[in-house]
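Below is one structure, written out as structure tokens, with a few remarks after it.
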Amino acid sequence: MNKHLIALAVAAATLSGAASAAQVYSDDTSSLSIGGRVEAIGALQQQADSNKDNADLSKASNEVVDKSRARVNIGAKTQIANGVQGIGFVEQEITKDGNDTRYVYAGVNSDQYGQLVYGKADGSLGMLTDFTDIMAYAGSEVGGTKLAVADRTSNNLAYAGTFGDLTFKANYVFSGADYDSAGNKTDVHGFSTGVKYNVADTGLALGAGYAEQRGQFKNDKGQTIAGSDSHAARAEQTFATASYTMGDLYFGGLYKYGRRDGTNLVTDKVTDTQGYEFAAAYTAGKAVFTTTYGFMKDENAHSVYDELANAVAIDGTYFFNSNFRTYASYKFNMLDKNKVGKVKASDQFVLGARYDF
């Protein structure tokens, strides 16, 4: 078995191009690397007949949607003390709809004590949702609902440290001036923290994390609603994860409980959520087969729930080498189209080709 290929495959959906970055400059104290990917993606799925806010989501038709993208990143490192480096990283994503800055941060890294950065950087729960976010294309149904402060976000002071088999992360997102696409001021802030432990050489890994976010409840003018910073209004999430690797097989599981962290797909009201997800991967030479099942529901006082996610995804990826792969992915969406509309309940078939550099 090619250990390098299975490592690439299981993490394919979550690793940035930095995993295959090439060093373009190096001297006694500093280095610079460039990496990224070019990915052609064609997705067959239900599309609404209109992109207006009041579009009738029960009226839709199958269309092939071009979701192709490219990412380019630059990483820099310089020695500033014995075992301590100054670091910087930026990554840009390019699509047919425009550009997006995925990462831009700088900070310090200690070989002994870990890394501290500020800017647009990862939150602390991504390393937990990576347990099940392993597909070539389809994202994690449950893990993809992380609070903004626990995900990749700006105005973020983030720490990460690995000590033997234990990895610890913590980050704080500051309140401050930020604006949405309509020019409304936003003020989402809070923190997240997570821990992952690899149980020696058994193949077993365990994880847990917590996130708390404030300021996310707005009125029609985009202004923070009075009292939304109180404990009664803030959003919270708790995650627990486990995985097991045995040769060519990988199994992962995730459980999430959220408090005021989701939106009911039928009523559009803020709600508590509860969900779980299972993932499996099998490597056969240069081919990797993965599957996930994710389910999430809302909660209310009457113990009656609406489904927020209910889907099975399967895909197959073929690695010609560490730089080039092709894949096919199918998502079976089991939400009730009579409740949420044809678009939100539609299946999706994807063909893709990806070149990493």
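Predicted model only: the values in this text are computed from it and were never measured.
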Under 3.5 Å, sequence neighbours excluded: what are the donor-acceptor pairs made by side chains of residues 158-169?
| unit_1 | atom_1 | unit_2 | atom_2 | d |
| --- | --- | --- | --- | --- |
| Y159 | OH | Y113 | O | 2.5 |
| T162 | OG1 | T167 | OG1 | 3.2 |

Connected via hydrophobic side-chain network under 4.5 Å: V104 and I74: yes
State plainly whether one hydrophobic cluster holds both V117 and V108, where clusters connect Ile, Leu, Val, Met, Phe, Trp and Tyr through side-chain heavy atoms under 4.5 angstrom apart. no
Output the distance between atom CE (M296) and atom CG (D306), rounded to the nearest 0.5 Å. 12.0 Å
Calculate, to the nearest 0.5 Å, the distance between atoms OG1 and NZ belonging to T29 and K77 respectively. 12.5 Å
Test log, rule side chain to side chain donor-acceptor pair (under 3.5 Å), inputs E277 and S140: CA-CA 8 Å; E277 193 161 53; S140 168; 2.4 Å; yes
For the pair E39 and R69, find out whether any cationic side-chain nitrogen is under 4.0 Å from an anionic carboxylate oxygen. yes
How long is the gap from CD on Q237 to CG on L147, to the nearest 0.5 Å? 3.5 Å
Looking at A43 and V350, what are the two nearest heavy atoms and their distance? CB-CG2, 3.8 Å
Results of ring-ring contact (aromatic ring centres under 6.0 Å, His included) for Y318 - residues two or more places apart only: F320
Worked check of side chain to side chain contact (heavy atoms under 4.5 Å, CB included) between N62 and Q45: CA-CA 5 Å; N62 274 318; Q45 62 189 52; 5.5 Å; no
Main-chain N/O of A353 paired with T326 side-chain donor or acceptor, under 3.5 Å: no
Does the ring center of F89 lie less than 6.0 Å from the ring center of Y105? yes
Hey, does the side chain of N155 reach the backbone of V173 with a donor-acceptor pair shorter than 3.5 angstrom? no
Please check if the side chain of D130 supplies one atom and the backbone of D133 the other of a donor-acceptor pair under 3.5 Å. no
Spacing of CG belonging to N171 relative to CG belonging to D151, to within rounding of 0.5 Å: 10.0 Å
Does T291 reach the side chain of V312, with side-chain heavy atoms less than 4.5 Å apart? yes
Give a yes-or-no answer on whether the side chains of S346 and N333 include a donor-acceptor pair shorter than 3.5 Å. no
Pair T95, D97: side-chain N/O donor-acceptor within cut-off below 3.5 Å: no
Mind running side chain to side chain contact (heavy atoms under 4.5 Å, CB included) on L32 and Q23 for me, showing each step along the way? CA-CA 6 Å; L32 182 72; Q23 190 174 92; over 6 Å; no
To the nearest 0.5 Å, how far apart are CD1 in I134 and OG1 in T290? 5.5 Å
Are E212 and R234 ion-paired here, with the side-chain N under 4.0 Å from a carboxylate O? yes
Closest approach of T292 to T132 (non-hydrogen atoms, all atoms of both residues): CG2-O, 3.5 Å
Are V188 and F191 connected in the hydrophobic side-chain network, where two residues link if heavy atoms are under 4.5 Å apart? no
Could you check whether any side-chain N or O of T245 sits under 3.5 Å from a backbone N or O of Y250, counting only pairs where one atom can act as donor and the other as acceptor? no
Parallel, tilted or perpendicular: rings of Y330 and F332 (30°, 60°): tilted
Under the side-chain hydrogen bond (donor to acceptor under 3.5 Å, both in side chains) test against D261, which residue among K256, K146, Q213 passes? K256
How about F174 and Y172: are their ring centres within less than 6.0 Å of each other? yes
Could you go step by step and tell me if Y103 and D122 meet the side chain to side chain contact (heavy atoms under 4.5 Å, CB included) rule? CA-CA 8 Å; Y103 293 97; D122 284 326; 2.9 Å; yes
Can you see which heavy atom on D315 is nearest to which on A136, and at what distance? OD2-N, 2.8 Å
What are the two closest non-hydrogen atoms of F251 and L249, and how far apart are they? CE1-CB, 4.0 Å
Less than 4.5 Å apart, side chain to side chain, heavy atoms only: is that true for T241 and L206? no
Do R152 and R102 have side chains that approach each other closer than 4.5 Å (heavy atoms only, starting at C-beta)? yes
Check: N323 side chain, D356 main-chain N or O, donor-acceptor pair, under 3.5 Å: yes
State whether a side-chain donor-acceptor pair under 3.5 Å links T78 with S30. yes
So, do R354 and F319 sit near enough that their side-chain heavy atoms are less than 4.5 Å apart? no
State whether Y305 and K297 meet the cation-pi test: NZ (Lys) or CZ (Arg) under 6.0 Å from the six-membered ring centroid, and within 45° of the perpendicular axis. yes
Tell me whether the rings of Y137 and Y327 are parallel (<30°), tilted (30 to 60°) or perpendicular (>60°). parallel
Using every non-hydrogen atom in the two residues, find where V340 and A345 come nearest and quote the distance to one decimal. CG2-CB, 3.9 Å
Does F295 share a hydrophobic cluster with F278, counting links as ILVMFWY side-chain heavy atoms below 4.5 Å and allowing steps through other members? yes
From T271 OG1 over to R259 CZ, what is the distance, rounded to the nearest 0.5 angstrom? 12.0 Å
Minimum side-chain heavy-atom gap L157-L116 below 4.5 Å: yes
Does E307 reach the side chain of D336, with side-chain heavy atoms less than 4.5 Å apart? no
Min side-chain heavy-atom separation V90-K120 under 4.5 Å: no
Write down the atom of A150, the atom of S192, and the distance for their closest heavy-atom approach. CA-OG, 3.5 Å
Does one hydrophobic cluster hold both I41 and V65, with members joined at side-chain heavy-atom distances below 4.5 Å? no
Main chain of R260, side chain of D272: is a donor-acceptor contact present, judged purely on distance under 3.5 Å? yes
Between Q85 (side chain only) and I87 (backbone N and O only), is there a donor and an acceptor less than 3.5 Å apart? no
Is D201 atom CG crowded by more than 12 heavy atoms from other residues, nucleotides or ligands, each under 6.0 Å away? no
Between the side chain of N156 and the main-chain N/O of G119, is any donor-acceptor distance below 3.5 Å? no
Do the numbers put R37 on top of the ring of F357, so that NZ or CZ is under 6.0 Å from the six-membered ring centre and no more than 45° off the axis? no
Determine, step by step, whether L254 and T129 satisfy the side chain to side chain contact (heavy atoms under 4.5 Å, CB included) criterion, reporting the C-alpha distance in whole Å, the side-chain angles of both residues, the deciding distance to 0.1 Å, and the verdict. CA-CA 7 Å; L254 177 149; T129 58; 4.0 Å; yes
I'd like to check the salt bridge (Lys or Arg N to Asp or Glu O under 4.0 Å) partners of E141; sequence neighbours left out, ordered by chain and number. K331
